[in-house]
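In what follows, a structure is listed as structure tokens, so that the remarks can point back to it.
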2 protein chains.
Amino acid sequence: MPSTLDHVFAALADPTRRAILARLAEGEASVTELAEPFEMSLPAVSKHIKVLERAGLISRGRDAQFRPCRLEPEALKEAAGWLAFYRRFWGGSLDRLAAYLEDEEEAGP
Amino acid sequence: MPSTLDHVFAALADPTRRAILARLAEGEASVTELAEPFEMSLPAVSKHIKVLERAGLISRGRDAQFRPCRLEPEALKEAAGWLAFYRRFWGGSLDRLAAYLEDEEEAGP
DNA sequence: GCGGAACTTAACTGATAGGTTAAATATCTC
DNA sequence: GAGATATTTAACCTATCAGTTAAGTTCCGC
């Protein structure tokens, strides 16, 4: 079972999906609305949306025929947290991380 | 040509590669050293390393037969920046992002 | 209840990812 | 220069991805 971190980063690796997220940052949108800027078929966008949903980055409602998408910021937290953790050490003293990891070793990963 | 953001996120989507990065945060390491914790062949690890390198997340030196890997924190900046930008808005007022995007529209994306 | 709009599912395709084993390439050591 | 060590390349396999078109499904409006 792949971790959600796998899914989140994989979802973010595609420019179409990042564009969809950017669009959703402006507010909820239907699939057709989200598909509009792209030169690909609706099913293709529908698949991208499913990937984002599986990663927990968006969730969907029901409004008649529409399945409005909205952002789920929580999923980003994990990813941002991972990056922030490593950036903190990479940018600064690596010895600090080594020490930190040694301390953690007793408590488990 | 895929953006580096594509490559960085795609590289981070694999747990083996994240583990390699975590290991490198403790300091430089050779391919064999990096491969040691994993139950996969050396060529497989070599490929993972190549993916990380192409993403700009690591760089490599030459020390006799060894090709030591070290972190390149710069590549993380772009990814962390992307996440931070959206998290800022997603967590807070979405109106702010809408306003921001409208302002940017004149200057271009 | 029919027509149409909004999606989704199914079936297919070509490309890429992630792994394997076996062979090739460098470089040190003796 | 022969042998050992470190790493890469090549050739291959299977699974997943990103896209397609065509055929459902669901729900509104009349």
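Naming: A, B, ... by sequence-line order, numbering from 1 per chain. Keep in mind it's a predicted model, so treat the numbers as computed, not measured.
- With rounding to whole Å, Ile49(A) atom CD1 is found 8 Å from dC7(C) atom P.
- The line from CZ of Phe9(B) to CG of Asp14(A) is 12.0 Å long, rounded to the nearest 0.5 Å.
- Separation of atoms OG (Ser59(A)) and CG (Leu52(A)) is listed at 11.5 Å; rounding is to 0.5 Å.
- The distance from atom CZ of Arg62(A) to atom P of dA6(C) is 13 Å, rounded to the nearest whole Å.
- Between the CZ atom of Phe66(A) and the C1' atom of dC27(D) there is a distance of 10 Å, given to the nearest Å.
- Look at CD on Glu53(B): it is 12 Å from C1' on dT8(D), rounded to the nearest Å.
- DNA chain D is contacted by Leu42(B), Pro43(B) of residues 35-43 of chain B, taking any non-hydrogen atom closer than 4.0 Å.
- Considering only the side chain of Lys47(B), dT20(C) comes nearest among dT20(C), dT8(C), dA18(D).
- Nearest to the side chain of Asp14(B), among dG18(C), dG19(D), dA26(C), sits dG18(C).
- In this structure, the CG atom of Leu34(B) is 15 Å from the C1' atom of dT8(D), given to the nearest Å.
- Note on Thr32(B): every side-chain N or O is 4.0 Å or more away from OP1 and OP2 of dA6(D).
- Across dT8(C), dC17(D), dA18(D), the shortest atom-to-atom separation from the side chain of Arg17(A) is found for dA18(D).
- Distance Phe9(A) CZ to dA17(C) P: 18 Å, rounded to the nearest Å.
- Rounded to an integer number of Å, the gap from CG of Asp63(A) to P of dT26(D) is 17 Å.
- Rounded to whole Å, the distance from CD on Gln65(B) to C1' on dA4(D) is 9 Å.
- Within the 3.5 Å criterion, the main-chain N or O of Pro68(B) finds no donor-acceptor partner in the side chain of Arg60(B).
- At the phosphate of dT9(D), neither OP1 nor OP2 sits under 4.0 Å from any side-chain N or O atom of Ser46(B).
- Enclosure of atom CD in Glu33(B) by more than 12 non-hydrogen atoms of other residues, nucleotides or ligands within 6.0 angstrom is indicated.
- Residue Arg60(A) has no polar side-chain atom (N or O) positioned under 4.0 Å from OP1 or OP2 of dC7(C).
- For the pair Arg54(B) and Val45(B), nearest-nucleotide mapping onto DNA chain C gives the more 5' position to Arg54(B).
- A donor-acceptor pair under 3.5 Å is absent between the side-chain atoms of Arg70(A) and the main chain of Leu24(A), judged by distance alone.
- Between Lys50(B) and the phosphate of dT9(D), there is a side-chain N or O to OP1/OP2 separation shorter than 4.0 Å.
- In this structure, the side chains of Arg17(A) and Leu57(A) stay at 4.5 Å or more apart for every pair of heavy atoms.
- In this structure, the side chains of Leu76(B) and Leu12(B) come closer than 4.5 Å at one or more pairs of heavy atoms.
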